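What follows is a single structure, written as structure tokens, with notes after it.
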Amino acid sequence: MSETASRYAVFGHPVAHSLSPRIHQTFARQFGIALEYETIDVAPDDFANAVRDFFAGGGAGANVTVPHKHAALALADTHSEAAARSGAANVLTPQADGGLAAHNNDGAGMVRDLTERHRLDLRGHDTLLLGAGGAAQGVAWALLDAGVDTLTIVNRSAERAEALADRLGEPARAHARYWNDLASIGSFDLIVNATSAGVQGQALDLPFAIVGARALCYDLSYGQAATPFLSWARAAGARFALDGLGMLVETAADSFALWHGKRPDADPVYDALRADGV
């Protein structure tokens, strides 16, 4: 192992529950890499200064989670195409010139989890996306690229849902509806919960009518935060009710590869977390 451990972190609010430190340490052991990885809980008003301090102090890379993904992109000097399209970033990497590069691998991680780990075909699905914040923006394009037939975006703030639908630029496939319309907009083959309700301990109060006969329900959160949505999905008769643990592991693997130039094997890490009851 190298003598000096590089320093990494995940920024969020809240973030103490994050499994990212454990995941990255496990990845590092696959290659004999020494690293430090911490959680940094910071309120939105303090995010920019906290990130600058972290990198000024030698930080080698950072993940970003709720509610800072928009701010992370705004803070960066350069950005990947996925980050630019989504308007949000979940990875920040320092550059040789002192600037920051922003990336977004949320969508790629989610699709890889669903199609490769769970071997599900997303093509042709009528899809409901709950939420229009940073998490939703990170996966919306990936869902369209994966071949879903339609994408209906619903958010408590209708303006944000409409803004996301407009940015997608495919009015024949992607559109916004009001949250109050949920009981009357029909059923869906794929329902993705991209809200922060579970993380915030809030209830979504969703109607069963939106769940199609063979529906796949997927929560971008994992663990306790995903429990209310998954319980609702099972009660509604969904064929599949999956949390976002696999997405987390996949996005972590993408981040690790970006920082270290080596892609870790994600499956053993996912299996170990599941075996531990996550």
Side-chain angles (χ1 to χ4, degrees), residues 6-15 18-21 23-24 37-56 59-113 129 131-145 153 155 160 163-164 167-169 192 194-196 199 220-222 244 247-261 263:
S6 299
R7 185 180 173 215
Y8 300 87
V10 56
F11 288 81
H13 186 63
V15 75
S18 176
L19 294 172
S20 292
I23 292 171
H24 279 269
Y37 192 110
E38 61 189 299
T39 58
I40 299 178
D41 192 327
V42 58
D45 289 347
D46 301 320
F47 174 73
N49 286 335
V51 169
R52 292 191 185 100
D53 288 346
F54 172 76
F55 285 110
N63 291 118
V64 181
T65 188
V66 176
H68 303 311
K69 293 186 179 185
H70 293 112
L73 181 67
L75 194 61
D77 303 283
T78 62
H79 43 69
S80 67
E81 179 183 358
R85 284 205 304 176
S86 65
N90 70 327
V91 187
L92 291 172
T93 305
Q95 303 299 285
D97 62 2
L100 289 177
H103 303 266
N104 193 312
N105 51 36
D106 279 338
M110 177 197 67
V111 170
R112 195 182 309 121
D113 181 44
L129 180 60
Q137 291 173 26
V139 302
W141 272 269
L143 287 166
L144 292 177
D145 291 345
I153 306 162
N155 190 62
R160 294 185 75 178
L164 176 53
R167 288 189 63 193
L168 290 170
V192 178
T195 73
S196 58
V199 176
L220 301 190
S221 300
Y222 59 90
M247 173 182 168
L248 174 71
V249 175
E250 293 300 325
T251 57
D254 285 345
S255 299
F256 189 95
L258 181 67
W259 295 330
H260 302 282
R263 183 171 182 84

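Along the sequence shown, residues carry numbers from 1. Here the structure is a predicted model, which is why all the values come from computation and not from measurement.
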- Any side-chain heavy-atom pair of V91 and N104 under 4.5 Å: no
- Message: If you compare all heavy atoms of A140 against all heavy atoms of L168, which two are closest, and at what distance to 0.1 Å?
- Response: CB-CD2, 3.9 Å
- Between OG on residue S86 and CG on residue D106, distance to nearest 0.5 Å: 8.0 Å
- Item | Note, L92 side chain near V51 side chain (heavy atom, < 4.5 Å) | yes
- Item | Non-hydrogen side-chain atoms of Y222 and L19 separated by less than 4.5 Å | yes
- Message: Any heavy-atom pair between the side chains of E38 and V10 that's under 4.5 Å?
- Response: no
- From L258 atom CG to R263 atom CZ, the distance as rounded to the nearest 0.5 Å: 11.0 Å
- Examine H68 together with F47 and report whether their ring centres are nearer than 6.0 Å. yes
- Message: If I take atom CD1 from residue I23 and atom CG from residue L248, how far apart are they, to the nearest 0.5 angstrom?
- Response: 4.0 Å
- Which heavy-atom pair separates L129 from A194 by the least distance, and what is that distance? CD1-CB, 3.9 Å
- Is there a side-chain contact between L100 and T93, using heavy atoms and a 4.5 Å cut-off? no
- Check whether any side-chain heavy atom of T39 sits under 4.5 Å from a side-chain heavy atom of P21, and report yes or no. yes
- Item | Qualifying residues under ring-ring contact (aromatic ring centres under 6.0 Å, His included), relative to H70, sequence neighbours excluded | none
- Task: Supply the atom-to-atom distance S221 OG to M247 CE, rounded to the nearest 0.5 angstrom.
- Result: 9.0 Å
- Note on the structure: In terms of heavy-atom contacts, V42 and A50 come closest through CG2-CB, 3.9 Å
- Item | Test side-chain contact (heavy atoms from CB on, under 4.5 Å) applied to L73 and H79, step by step | CA-CA 7 Å; L73 181 67; H79 43 69; 3.8 Å; yes
- Query: Atom OG of S6 and atom NE2 of H260: how far apart are they, to the nearest 0.5 Å?
  - Reply: 6.5 Å
- Are F55 and R7 side-chain neighbours, meaning at least one heavy-atom pair lies under 4.5 Å? no
- Note on the structure: Nearest heavy-atom approach of D41 to H13 is OD1-ND1, 2.5 Å
- Message: Checking T65 against F11 for the side-chain contact (heavy atoms from CB on, under 4.5 Å) test, could you report, in this order, the C-alpha distance in whole Å, the side-chain angles of both residues, the deciding distance, and whether it holds?
- Response: CA-CA 6 Å; T65 188; F11 288 81; over 6 Å; no
- Taking the side chain from Q137 and the backbone from A132, do they hold a donor-acceptor pair closer than 3.5 Å? yes
- Message: Can a side-chain donor-acceptor contact be found between N90 and N63 if the only test is distance below 3.5 angstrom?
- Response: no
- How far apart are the closest heavy atoms of G131 and N155, and which atoms are they? CA-OD1, 3.4 Å
- With side chains defined as the heavy atoms from C-beta onward, is the minimum distance between P67 and P44 less than 4.5 Å? yes
- Ring centroid separation H24 to W259 under 6.0 Å: yes
- Note on the structure: Taken to the nearest 0.5 Å, the spacing of M110 CE from N105 CG works out to 12.0 Å
- Please report the closest heavy-atom contact between A83 and A102, naming both atoms and the distance. CB-O, 3.9 Å
